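Here is the structure we will look at.
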Amino acid sequence: MKTENFSECYRHSMAHILAKAVVEIFGKENVQLAIGPQISEGFYYDFLLPRTVTPDDFEMIESKMREILKRKEDFRYVEVSREQALEEFKGQQFKEELIEELPEGETISIYYTGDDFKDLCRGPHVSNSAELLSCAFKIKSVSAAYWKGDEHNAVLQRIYVFAFETKEELKAHLKFLQEAKERDHKILGPQLDLFFMDPTAPGMPYWLPKGWKLFNTLLDFWREEHEKRGYQEISSPLINHNSLWITSGHWDHYRDGMFTIPVDENNTYGVKPMNCPNSIVVYKRTNRSYRELPLRLSDCDVLHRKEKSGELNGLLRVQMFRQDDSHNFITEDQIYDEVNAILDIADLFYGIFGLTYRPELSTRPEDFMGDINLWNKAEENLRDILNKRYGEDGYDVNEGDGAFYGPKIDIMMKDALNRQWQMGTIQLDFQLPRNFDITYADKDGTEKVPVIIHRVIYGSIERFIGILIENFKGAFPFWISPVQVGIVPIREEHSEYAKEVMEALQKKRIRCEADFSENHMNKKIKAFRNYKIPYVLVLGNEEAEHKTVSINIRGGKQLKNVPLEQFVKVCSKMNEERTLQLVESEEQMK
RNA sequence: GCCGAAAUAGCUCAGUCGGUAGAGCACUUCACUCGUAAUGAAGGGGUCGAGGGUUCGAGUCCCUUUUUCGGCUCCA
């Protein structure tokens, strides 16, 4: 008989089985149990153990778990007092700590699995471990984890386990992971000649011609849309004397994240990790009037941020990157309209790639600075905007998670492995304007302090490209494809017509490459296909005679003898309209 | 930073018990002039991530180090 809410609790019960297995293997007195929650693909359990667990141990632990399951022991629920609980878990330092921290009046419960294993647990659980026999599990990995996620605390060993109700589900999940590998931008990027990394510059991508074309195509789009909206692009120094960073507060709060350059005994420069201070230097250059606001100073200069070793991840976490940044200087009354307008841009940009995102609002933290009334008003504005745009369930709220200088809205996206990344962000800043003492002259002639909005839409272009690669598996929409059309003359005698085709395409700024080598046409087609080029044209006698092209469409489809003129038109249209889908049908081509 | 795994030709990888490094693709040359995902033949290409140690001898064993990957966010 299966427990009623089986699917909600089997992973959690399984976590107890893992803990029991580990205790039996290492001996009760050698194991300190921490916590073992269920997670999206299974569960984990944190332990303090006498030695490190390695992948060689997985099989042994798994079979011990199976052995325990076969004992068909009951999960027995017992409520206890705090004193009893402390007595029961005497010597288990983490459990003791947890018990001490439980709020007054809360029911404290223990689950027994058999008579010889117990765990502090709120449950629920299956009633007998036999129920778990039909489940599928597999130890995924082991990693270090800190007690309560704090690096100052004890280092624990976390054993991750995949767990599903059926073998089929586990199999499907392993298949998903296999497919995610095929989307991995770290593999596809270098394979498609977009970028690579060199050990002398960890986390600092080298952009190859194809990747840089993609990069710049994204920036062209960004510039076009932002110019329309009154943004003005600037560029500023990459390194500044530390006096600037002292004023901005970065020297005190962010120095560990900065690359610094000592110039002589008395002077140190810092490489910019953010653009804001220099944008403010630009703002400060002249007296500003309320008539100029919102003043939107955008830039996409190179930024450097030092990351802890082990934190880097392909293009998704780098040490050198560019943001499609802007600092919008506004009045307090302009918060609503400006944030709303920025989200309009975000919807446009994400929509054009068919990407969905989830906004996240972070509100006032305990150590906030500035005027609480301004905070309240701003947060009210942001909630109102988010409610109207995405509905109350359409975004998440992280109470108290905002920066000390202002609330923010983050745009979150997932990579191929479903890991969450922050992409765009809209951060209100009430503090930096005060640090730099910037003002504007208001209508009545008084000097007022502007609010700054730090905002990015793509986020870091590097990270955005990483997500794009994984999302499209490297098969980009036509308009951002580094090479849009590959041209294959069948024999040397077709080179002349191939050149004609190439010129017709280039005239319309369609990015194409022709292969005039003596190789067999199959070889040429294959080479282009490996780059996931949208269209590969095959040109021979037929095509030259009738001024047509035969098209190999990415994905496998073929169209024969499409009039050249028509093909150029279709390509131009996709570039102009930034079409997401590739035109594949004969009707649209003819 | 912490735990685990990994690094061999441009790429993907093999290399057994420690005996002096190999395949496929790619590249070069020659032949083939070809109608839709691998034409044939020949050839070049390596400080086995780096440094140190053990050994008669190290890609292989030990230590250090660099880089990369998975995790360190899911809360009894």
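In what follows, every chain begins at residue 1, and chains take the letters A, B, ... in the order their sequences are listed. Everything numeric here is computed off the predicted structure, so don't read it as measured data.
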Check: Any sub-3.5 Å donor-acceptor pair from A:Lys532's side-chain atoms to A:Arg554's backbone N or O?
Finding: no
Check: Is there a donor-acceptor contact under 3.5 Å from the side chain of A:Asn313 to the main chain of A:Arg317?
Finding: no
Margin query: Should the side chain of A:Glu106 and the base of B:A76 be counted as holding a donor-acceptor pair, with the cut-off at 3.5 Å?
Written below: yes
Notebook entry, point to check: Does a side-chain N or O from A:Tyr160 land closer than 4.0 Å to OP1 or OP2 of B:C72, or not?
Noted result: yes
Note to self: If you take the centroid of each ring, where Trp contributes its six-membered ring, are A:His12 and A:Phe43 closer together than 6.0 Å?
What the structure shows: no
Margin query: Taking pairing as Watson-Crick or G-U wobble with both contacts under 3.5 Å, can you name the mate of B:C25, or confirm there isn't one?
Written below: B:G10
Notebook entry, point to check: Taking the C1' atom of each, how far is B:C72 from B:U64, in whole Å?
Noted result: 25 Å
Check: Any side-chain donor-acceptor pair under 3.5 Å between A:Tyr395 and A:Tyr357?
Finding: no
Margin query: What residues from residues 138-156 of chain A pass a heavy-atom cutoff of under 4.0 Å to RNA chain B?
Written below: A:Val142, A:Ser143, A:Ala144, A:Ala145, A:Tyr146, A:Gly149, A:Val155
Note to self: Just N and O in the side chain of A:Thr52: are any of them under 4.0 Å from OP1 or OP2 of B:G4?
What the structure shows: yes
Notebook entry, point to check: Does anything in residues 482-498 of chain A reach RNA chain B, meaning a heavy atom under 4.0 Å, and if so which residues?
Noted result: A:Ile490, A:Arg491, A:Glu492
Check: If you take atom types as modelled and just measure distance, does the side chain of A:Glu311 reach the base of B:C72 with a donor-acceptor pair under 3.5 Å?
Finding: yes
Note to self: On the nucleotide B:G71, are OP1 or OP2 found under 4.0 Å from the side-chain N or O atoms that A:Arg419 carries?
What the structure shows: yes
Check: Is a donor on one side and an acceptor on the other found under 3.5 Å between the side chain of A:Gln588 and the backbone of A:Val583?
Finding: no
Check: Is any side-chain N or O of A:Arg11 closer than 4.0 Å to OP1 or OP2 of B:C74?
Finding: no
Item checked: Pairing partner of B:A50 (Watson-Crick or G-U wobble, both distances under 3.5 Å) -> B:U64
Item checked: Exam field: side chain A:Lys408 to backbone A:Ile426, donor-acceptor pair closer than 3.5 Å -> no
Checklist line | Distance-only polar pair, side chains of A:Trp421 and A:Asp415, donor-acceptor under 3.5 Å | finding: yes
Note to self: Would you say that more than 12 heavy atoms from the other residues, nucleotides or ligands in this model lie under 6.0 Å from the CG of A:Asp150, or not?
What the structure shows: yes
Note to self: Are A:Tyr535 and A:Phe567, when compared by the centres of their aromatic rings, separated by less than 6.0 Å?
What the structure shows: yes
Nucleotide N/O of nucleotides 36-38 of chain B paired with protein N/O under 3.5 Å:
| residue | atom | partner | partner atom | Å |
| --- | --- | --- | --- | --- |
| B:U36 | O2' | A:Gln558 | NE2 | 2.7 |
| B:U36 | O2 | A:Asn552 | OD1 | 2.8 |
| B:U36 | O2 | A:Asn552 | ND2 | 2.4 |
| B:U36 | N3 | A:Asn552 | OD1 | 3.3 |
| B:A37 | N7 | A:Arg529 | NH1 | 2.4 |

